[in-house]
Amino acid sequence: MDADAPGAERPDAPPVATISEALGRQTNNVAEYTGLLRALALAEELGAEEVALLLDSMLVVEQLRGRWRVRDARLAVLHAEALARLGRFRRWSARHVPRSENRAADALANEALDRVAAGGPAVVVRRPGEGIRAEAATRLADAPADVGDARPGAPPARARRAAVRDQIPLGLEPGFDPGDAGPEAGELRVRILGSGTSQGLPRIACDCATCTSADPRDRRLRASALLAWGARRVVVDSGPDFRAQALAADLDRLDAVLLTHSHHDAVGGLDDLRRFNEIADAYLPVHGLPGVLGVVVARFAYAFVPGQDAFRGLPMLRPVAVEGPFEIAGRRFVPVPVIHGEGPVCGYRTGSFAYLPDVKRIEAPSLALLQDLDVLVLNAVRDEPHPAHQTVAEALAVVDALRPRRTYLVHLDHELRHAPLAARLPAGVDIATDGLELRVPR
Ligand SMILES: [Zn+2]
Ligand SMILES: [Zn+2]
């Protein structure tokens with residue numbers, strides 16, 4: 001799009017130039033980067049001095065901004081080339097747009113697939129003055145939908161692609177319907193394994209009123225939650241208190257671990273997961289945003305060695321990148337990106353339950369993922385402003401905006417003593433305590 005044209009900042013603005021290219025079999029991320037490189041080359045050719053990228057891949061946006069690390073070797077090459085090309089412009093920016101707003105780009109991808117299926121060229125580049133819109137419309141209308149499909153009565157190619165695409169995680173765009181939890185799901189049971197801040201309560205060698213409180217509710221292990229449905233057991237975060245928490249909960253199986261982020265209070269207990277390798281005689285999947293897994297795999301490299309056939313006393317963890325909604329044993333999980341200090345962080349929603357233990361701010365697209373909740377578990381660290389966490393007031397503002405049926409505050413620091421805080425919370429908002437068990441209807 002020509003940035004001087006009115007409305008050019010909108011992803012659906014009329015383009016002055018397009019590229020449509022079939023890449024053969026590639027991963028989504030290679031395709032995203034390839035598209036980016038082609039577009040930058042064309043922008044340069046057309047004499048652009050500044051570029052504003054509207055990208056529907058959160059991964060590419062965050063990696064270009066340097067906030068997510070690039071772990072994959074193939075992507076690292078493409079990423080480096082993209083930064084080199086961007087450096088030739090006077091100014092550049094990259095913004096994430098939801099895929100639903102990027103239909104024009106999607107149409108170009110479909111056009112390329114249909115064209116190649118019909119024996120046409122792999123690449124079509126249209127430059128300014130070449131009548132793009134009319135030509136694109138004609139091509140889309142004329143494209144034979146069923147070329148290459150010999151089976152009588154088979155659904156058209158476009159419908160088959162859409163069906164496959166619907167099964168592929170769609171990225172972290174907003175407005176995604178969490179949908180039904182699935183047949184095996186039923187009621188969700190949640191146990192708060194830990195409700196404290198990163199140091200836990202009491203703090204070591206602190207004689208403040210909370211740390212010396214006789215109220216057992218003022219003892220808080222590091223934040224973690226156990227989710228159970230049917231026989232399934234999943235923990236969100238596995239911090240340095242994981243062993244004590246697993247023993248307290250009598251945890252005797254574990255199907256997966258979900259990580260919210262890579263801070264030590266969320267991942268410091270990964271080594272103790274090896275007990276569940278012994279029990280199940282299998283690798284344990286560890287789900288997290290790509291940037292979180294990058295840090296964790298680097299820190300616990302010995303626990304992520306693939307292809308081991310015998311245990312050597314080491315954890316055997318299998319990293320599973322979270323790039324959109326995913327399923328574990330029939331239950332659907334939706335990552336909810338949030339702001340919390342540096343680096344990528346998310347919470348998770350499943351059914352009508354959401355768990356957000358490490359949050360400074362929730363932006364509008366993520367708020368949209370948190371509508372109609374029965375139970376929200378949300379952090380509130382203290383009353384004074386904190387660089388990485390919500391205050392009590394900030395948490396209550398989120399509750400006001402979302403109106404979940406029940407809310408439990410977690411990740412409390414020692415400025416917050418249970419009893420006086422509980423006395424000033426509004427109806428429907430409680431404080432989570434270690435060992436608290438919740439039932440969520442769906
Ligand atoms: Zn204290
Ligand atoms: Zn943290």
Side-chain angles (χ1 to χ4, degrees), residues 62 67-69 192-225 235-242 245 257-270 286-300 322 335-348 354-363 366 377-392 394-395 398 408-422 431-434:
E62 295 298 345
R67 296 207 303 198
W68 292 9
R69 292 171 68 184
I192 300 298
L193 296 177
S195 59
T197 192
S198 59
Q199 293 201 39
L201 299 186
R203 280 197 187 183
I204 295 169
C206 181
D207 50 15
C208 80
T210 305
C211 291
T212 57
S213 163
D215 186 341
R217 296 173 300 180
D218 287 322
R219 295 181 192 288
R220 302 181 188 277
L221 298 177
R222 265 60 74 91
S224 175
V235 292
V236 188
D237 292 331
S238 174
D241 294 320
F242 175 75
Q245 292 164 329
V257 177
L258 312 185
L259 297 179
T260 59
H261 65 310
S262 60
H263 285 165
H264 189 75
D265 61 326
V267 305
L270 284 177
V286 175
H287 301 251
L289 296 173
V292 171
L293 292 177
V295 174
V296 168
V297 171
R299 199 181 304 161
F300 294 88
V322 170
V336 181
V338 294
I339 312 292
H340 163 64
E342 299 208 338
V345 179
C346 71
Y348 293 95
Y355 181 72
L356 304 167
D358 287 79
V359 175
K360 174 64 187 174
R361 211 171 65 245
I362 308 174
E363 311 226 291
S366 292
V377 175
L378 183 64
N379 77 168
V381 74
R382 63 189 190 198
D383 286 315
E384 288 295 303
H386 186 285
H389 285 281
Q390 290 179 335
T391 63
V392 174
E394 286 167 339
V398 170
Y408 294 90
L409 302 180
V410 288
H411 213 299
L412 275 65
D413 208 343
H414 64 171
E415 290 88 346
L416 296 175
R417 202 144 52 83
H418 188 103
L421 175 61
I431 309 166
T433 49
D434 288 17

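Throughout, numbering of the chain's residues begins at 1 and tracks the sequence. In each ligand, atom 1 is the first atom listed, and ligand 1 is the first ligand listed. Only this structure's heavy atoms are used, side chains among them; waters, hydrogens and symmetry mates stay out.
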Check this for me: Arg219, atom CZ, are more than 12 non-hydrogen atoms of other residues, nucleotides or ligands nearer than 6.0 Å?
no
Name the one of Leu289, Val297, Val296 that satisfies side chain to side chain contact (heavy atoms under 4.5 Å, CB included) with Ser262?
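Testing each of Leu289, Val297, Val296 against Ser262, the sole residue satisfying side chain to side chain contact (heavy atoms under 4.5 Å, CB included) is Val296.
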Between Val359 and His340, is any pair of side-chain heavy atoms under 4.5 Å apart?
no
What count do you get for protein N, O or S atoms closer to the Zn ion (ligand 1) than 2.8 Å?
4
Do you see a donor-acceptor pair shorter than 3.5 Å between the side chains of His263 and Arg222?
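There is no such pair between these side chains.
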Just by distance, no angles: are the side chains of Asp434 and Ser195 close enough, under 3.5 Å, to form a donor-acceptor pair?
yes
So which of the N, O or S atoms of His263 lies nearest the Zn ion (ligand 2)?
ND1
Could you go step by step and tell me if Glu394 and Arg361 meet the salt bridge (charged side-chain N to carboxylate O under 4.0 Å, His left out) rule?
CA-CA 9 Å; Glu394 286 167 339; Arg361 211 171 65 245; over 6 Å; no
